[in-house]
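Data first, discussion second: the structure below is written as C-alpha cells.
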Amino acid sequence: MLDNLKNYHIILASNSPRRKQLLSGLGFDFDVKVLPFINEDYPDGIPAEDIAEYIARKKADAYRRVMLADNLIITADTVVVVGGQALGKPVDAADAHRMLRMLSGRTHQVVTGVCLTTFEQQRHFSVSTDVTFKQLSDEEISYYIETYRPFDKAGAYGIQEWIGYIGVTGLNGSYFNVMGLPVQRIYTELAAF
C-alpha cells in the first residue's frame, strides 16, 4: 500500500508516543525527528477551530529549513475547543482541573491540524471530532489528574485513559483524531501524493 511514497523518507515531527503509535498502524516505515524550540504562538483573533492547523503549518515551516530533498514531513497539533475557547496543554494540576471542569457535562470539539510537506508540495487540513462528557465529580477529576498526570494532552485528558472510560458518553467523528492523529484522513491524503 502507498507505493507512491517509496521514494520518500517519511518523518513524523512529534514527540507524542500516541502519534507514533497511530502512524505505525498505517504500515509504512518512518522516523521520528523533532526540532527543539519551535514557537507555537498564534495570532490573536484566529478562530479557535483554526489554531491547530495554523500551528501544524508553522511547525512544517520550521522543518523546511533543514529538510532533505527526499523528506516527507508530517507535523500536527491538537486543540480542544469548548464554548469557542481553545484549550491546549495544562500548565499544572490546577489548570488541568479547570479544563476538565469546563468539559464536564458538555460537548466539545477536538481539532487536529496536520501538514504534509515535501520540497514539491504541501497539504494541510484539520479534522474535528465532537466529544461529550458526563457530569464529572471533583473527586473523579482529582483522581484522574493525580493518577494519570495529563499535562502533555490538549484539554487535560486522553480519551484512551480512565477518564475516557468513565466520562465519555458520546463521540461523533474519528476516535483516533481525539488521540491526536486523524490517521484515516492522513492515509487518504498520502495516497493522493
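Just so it is clear, the structure is predicted and the values come from calculations on it, not from any experiment.
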Quick one, Y54 and D77 - any side-chain contact, counting heavy atoms below 4.5 Å?
no

Using the side chain to side chain donor-acceptor pair (under 3.5 Å) definition, which of the options K153, R19, R18 pairs with T78?
R19

Pairwise side-chain contact, L136 with I166, heavy-atom cut-off 4.5 Å (strictly under):
yes

Quick note, side-chain hydrogen bond (donor to acceptor under 3.5 Å, both in side chains) partners involving residues 170-180, not counting sequence neighbours, are T112-N177, T129-N177

Side-chain ion pair, E40 and K89, N-O less than 4.0 Å:
no

Should the pair H108 and Y157 be assigned to parallel (<30°), tilted (30 to 60°) or perpendicular (>60°) ring geometry?
perpendicular

Of E161, H97, R149, E139, which meets side chain to side chain donor-acceptor pair (under 3.5 Å) against Y144?
E161

Would you indicate whether the side-chain heavy atoms of M102 and L87 approach each other to under 4.5 Å?
yes

Students often mix this up, so state it plainly: with edges at 30° and 60°, are the rings of F30 and F28 parallel, tilted or perpendicular?
perpendicular

Any side-chain heavy-atom pair from I159 and V168 closer than 4.5 angstrom?
yes

Are side-chain N/O atoms of Q135 and S104 paired as donor and acceptor at under 3.5 Å?
yes

Answer yes or no for R106 and F133: cation-pi contact, defined as NZ/CZ to six-membered ring centre under 6.0 Å and angle to ring axis within 45°.
no

For residues T118 and Q121, determine if any side-chain heavy atom of one lies less than 4.5 Å from a side-chain heavy atom of the other.
yes

Would I186 and L181 count as a side chain to side chain contact (heavy atoms under 4.5 Å, CB included) here? Give the steps.
CA-CA 8 Å; I186 288 173; L181 203 63; 3.5 Å; yes

My understanding is that only residues two or more places apart in sequence, or in another chain, count here; which of them pass side chain to side chain contact (heavy atoms under 4.5 Å, CB included) with D95?
P90, V91, D92, R98, M99

